[in-house]
Amino acid sequence: MQTTMEAAQQSMKPSSVESHGNAVEVSLQTSLSSGNLDAFRKAVVNTLERRLFYKPSFEIYKGVAGLYDLGAPGFLVELNIINFWRKFFVREENMAEVRCASLTPEAVLKASGHVDKFTDPMVNDVITGECHRADHLLKDYCEKKLEKDAATISAEEADELKNVLAVLEDLSIEDLGRKIKEYGITAPVTKNPLSDLYPFNLMFQTSIGPAGLIPGYMRPETAQGIFVNFKDYYYDNGKKLPLAVAQTGLVFRNEISPRQGLLRTREFMLAEIEHFVDPDNKSHPKFPDVSKLEIRMFPREEQTSGQAAKKLVLGEAVAKGTVNSETLGYFIGRVYIFLTRLGIDKERLRFRQHLANEMAHYAADCWDAEIECSYGWKECVGIADRSAYDLYAHSEKSRVALVAAVKLAEPKEVEKIVITPVKRELGLAFKGDQKKVVEALEAMSEQEAMEMMATLESKGEVEFEVCTLGRNVSIKKNMVSITKKMTKEHVRVFTPSVIEPSFGIGRIMYCLYEHKFSTRPSKAGDEQLNVYRFDPLLAPYKCMVFPLVQNQQFEEAAKFISKELKSFDMSHKIDITGTSIGKRYAKSDEFGAPFAITVDSETSVTIRERDSKDQVRVNVKEAASVVSSMVEGKMTWQDVWASFPHHSSAASDE
């Protein structure tokens, strides 16, 4: 069933956005067809920066690559996306939304693997020292060679270049380095030779505390804060699975060569969901709700055989094992609905499965929601089955058991290592730290326990790391009993798997800007006017309010309408600059406002609909209510058009 907001989106969709009169408008679709992508991208970015959707940070100090500020309209768009994400996922799925620290101790990211493995391949200009991301240089070389030298290279060379592009994500550091040397790739601007390739860690390192004794990093993702708190969230959920925990927040990655505007930045907004499940049961009760969706998918078999993405019925993809579980399939379906309801063109959306060598060693399956824009297909949402890796890694390092349990239908007898801390002796030795030592002892793996037992038998004492204390302690033989015995188990204890949808809000936002941007000719036909065809859900301002002329009575009426719009919680903007009404309509269209109210009398006003440019006349006291009803989906523009007198104005067409 449609929500009122979804109905509002449908009511705003123009019947055609490809032509107006005899002129063909410029849009992503027409630009992809014509190949004139640079001009299209320039028009999009110029409009966004001129209207302060976003701009480079610290511009008066010449800026820093990869850092951007959102102006008021851009911030409102981001807020609208996050609020819809919160409604669509967090509330609908009864998730727990949390906020965890951005500043992260090194021990956490060492356990997760980020300290050792969160890297990109880098090379340096040997003369200037300028840094370049190696895989980007190789990609650019192959694409330019195929585009500019297509007539001169052999079919075999072309096939090789295409194969390199297809497997680029799979290439090892060594293979990347070999290809760069084989092709004679040099620094892009200076043409100087390049250094040998090496891994560069993308995290921003810092120190915590005035003495700088605690090494730390700015978080590269929000997930780790959720993983380390799993024990508390599980308890708060009544010790039941599945358990879903969500979080939005800024993350930080020291990109080697940030480019492509909001698509690759050093500080950006993520919205992540960690859905914890029993690894033996990844079914989902709501999967039938999405199983009939037909989605453009790009399984790994199609990628490796050179085929194109194809439409698959989601239920069939799960049944055949293309997608590894109902829960992963459910989130793929929900992400598809979420993105298309925001306004992403479903014909420019696909779900690409990670190749076998591309996935992390612990991942069971992973799909990226990729959106086509002027820069090509860009990953905007990752949906991964991360198995039990994260919780297991933190359990092992911290010695705090991050596990779940289910009651067995029938008890079973098993041989088990029984670790029994002697709390009296531990209390005497460690006093206030006793609880942390006990938890660390109880969290030992079977192998660790057996090694400790052997050492205690031979030496009577053993050094034991307690991660939560940040130091080793000395455990004596009288402090712990470790035995093997047959016991009846009434519960199965296990480390949960996690399904993680991770949303790059900035990337989604930029793709929406391109998908919703178009131009249309002015009435005189002497210029192209920019229009953002945002749905009411996404639009930063739902309505613009214009006094026709600078007149006290008109301005008072505009203030009254503004007050009424505020009472309906409608974001809006008043323009009393006194410029021509045509120019103000053009400005409103560049903000993507679905509606504009023009105050041209003390008793009645006109309401203009952006896409058709049609206008109706309504009473001043009704104006805010009518706009609110359309934004909330209680009325469509067609309903309003049929209910109120039509207004004709030459200015509306300028």
Side-chain angles (χ1 to χ4, degrees), residues 82-83 85-101 104 108 111-112 219 221-249 270-290 324-335 338 362 364 382-409 435-436 438-440 442-443 468 489-503:
I82 291 172
N83 284 340
W85 177 88
R86 184 170 285 122
K87 175 184 176 183
F88 190 83
F89 289 104
V90 179
R91 294 179 193 158
E92 176 67 25
E93 307 294 339
N94 294 315
M95 297 177 179
E97 187 173 6
V98 301
R99 184 171 68 84
C100 301
T104 310
V108 174
S112 68
R219 65 182 180 187
E221 62 181 21
T222 70
Q224 299 306 318
I226 294 174
F227 296 144
V228 300
N229 289 329
F230 170 77
K231 187 176 179 181
D232 299 313
Y233 302 145
Y234 178 61
Y235 181 84
D236 190 55
N237 199 49
K239 297 184 179 180
K240 300 289 185 185
L241 292 182
L243 160 65
V245 184
Q247 181 173 193
T248 63
L270 274 187
E272 295 190 299
I273 296 164
E274 310 305 327
H275 184 90
F276 299 97
V277 295
D278 185 335
D280 291 345
N281 181 14
K282 293 181 182 178
S283 62
H284 199 291
K286 294 171 70 176
F287 181 66
D289 295 351
V290 300
N324 85 327
S325 71
E326 282 190 1
T327 297
L328 190 65
Y330 177 71
F331 279 109
I332 289 173
R334 290 289 287 169
V335 168
F338 170 76
Y362 53 81
I383 308 126
D385 182 339
R386 297 172 65 108
S387 70
Y389 171 81
D390 300 284
L391 293 184
Y392 180 79
H394 287 300
S395 292
E396 186 175 45
K397 185 65 178 175
S398 69
R399 300 190 187 280
V400 174
L402 303 175
V403 296
V406 293
K407 190 174 181 179
L408 295 172
K435 182 181 178 183
K436 292 180 179 179
V438 168
E439 287 177 342
E442 291 176 338
T468 50
E489 281 193 346
H490 295 269
V491 297
R492 178 172 66 91
V493 178
F494 58 91
T495 304
S497 289
V498 64
I499 311 297
E500 179 193 69
S502 178
F503 301 74

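Both backbone and side-chain heavy atoms feed into the values below; hydrogens, waters and symmetry mates do not.
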| query | Where do Glu489 and Leu408 come nearest, in terms of heavy atoms and distance? | reply | O-CD1, 3.5 Å
| said: Quick check on the 6.0 Å ring-centre criterion: do Phe338 and Phe503 meet it? | reply: yes
| message | If you count heavy atoms of other groups shown closer than 6.0 angstrom to NZ of Lys286, is the number above 12? | response | yes
| query | Would you say the side-chain atoms of Thr327 pair up with the backbone N or O of Ser283, donor to acceptor, closer than 3.5 Å? | reply | yes
| task | With rounding to the nearest 0.5 Å, note down the distance linking OG1 in Thr222 to CD in Glu274. | result | 6.5 Å
| said: To check you understand the geometry: which heavy-atom pair defines the closest contact between Leu402 and Ser395, and what is its length? | reply: N-OG, 2.9 Å
| query | How far does CG of Leu328 sit from CG of Asp385, to the nearest 0.5 angstrom? | reply | 6.0 Å
| message | With a 6.0 Å cut-off (strictly less than), is the heavy-atom count around OH of Tyr233, excluding the residue itself, greater than 12? | response | yes
| said: Return the NZ to NE2 distance between Lys407 and His490, rounded to the nearest 0.5 Å. | reply: 9.0 Å
| field | Heavy-atom check, side chain of Val98 versus side chain of Ile226, under 4.5 Å | value | yes
| query | Is there a side-chain contact (heavy atoms from CB on, under 4.5 Å) between Arg86 and Arg91 once you walk through the steps? | reply | CA-CA 6 Å; Arg86 184 170 285 122; Arg91 294 179 193 158; 4.3 Å; yes
| Looking at Val277, Asp390, Leu241, which hits side chain to side chain contact (heavy atoms under 4.5 Å, CB included) with Pro496? | Leu241
| task | Could you check if a side-chain atom of Asp278 sits within less than 4.5 angstrom of a side-chain atom of Phe494, using non-hydrogen atoms only? | result | yes
| query | Got a donor-acceptor contact below 3.5 angstrom from the Glu326 side chain to the Phe287 backbone? | reply | no
| said: I need the Lys231 NZ to Leu391 CG distance, nearest 0.5 Å. | reply: 13.0 Å
| Got a second to check how far Glu97's CD is from Thr248's OG1, nearest 0.5 Å? | 5.5 Å
| task | Please report the closest heavy-atom contact between Ser325 and Lys282, naming both atoms and the distance. | result | CB-CB, 3.6 Å
| field | Glu92 vs Lys87 side-chain heavy atoms within contact, under 4.5 Å | value | no
| query | Hey, what's the ring geometry for Trp85 with Phe89, parallel, tilted or perpendicular (30° and 60° as the breaks)? | reply | tilted
| said: Side chains of Glu93 and His275, heavy atoms from C-beta outward: is any pair under 4.5 Å? | reply: no
| So which heavy atom on Asn229 is nearest to which on Gly225, and how close? | ND2-O, 3.0 Å
| query | Side-chain contact, heavy-atom cut-off 4.5 Å: Val108 with Lys397? | reply | no
| Value rounded to 0.5 Å, distance of CG in Asp232 from CG in Asn237 | 12.5 Å
| query | Of the non-hydrogen atoms in Cys100 and Arg219, which two are nearest, and what is the gap between them? | reply | O-NH1, 3.1 Å
| Minimum-distance pair of heavy atoms, taken over all atoms of Phe331 and Ile383 | CB-CG2, 4.0 Å
| task | Report yes if some heavy atom in the side chain of Val498 is under 4.5 Å from a heavy atom in the side chain of Phe230; otherwise report no. | result | no
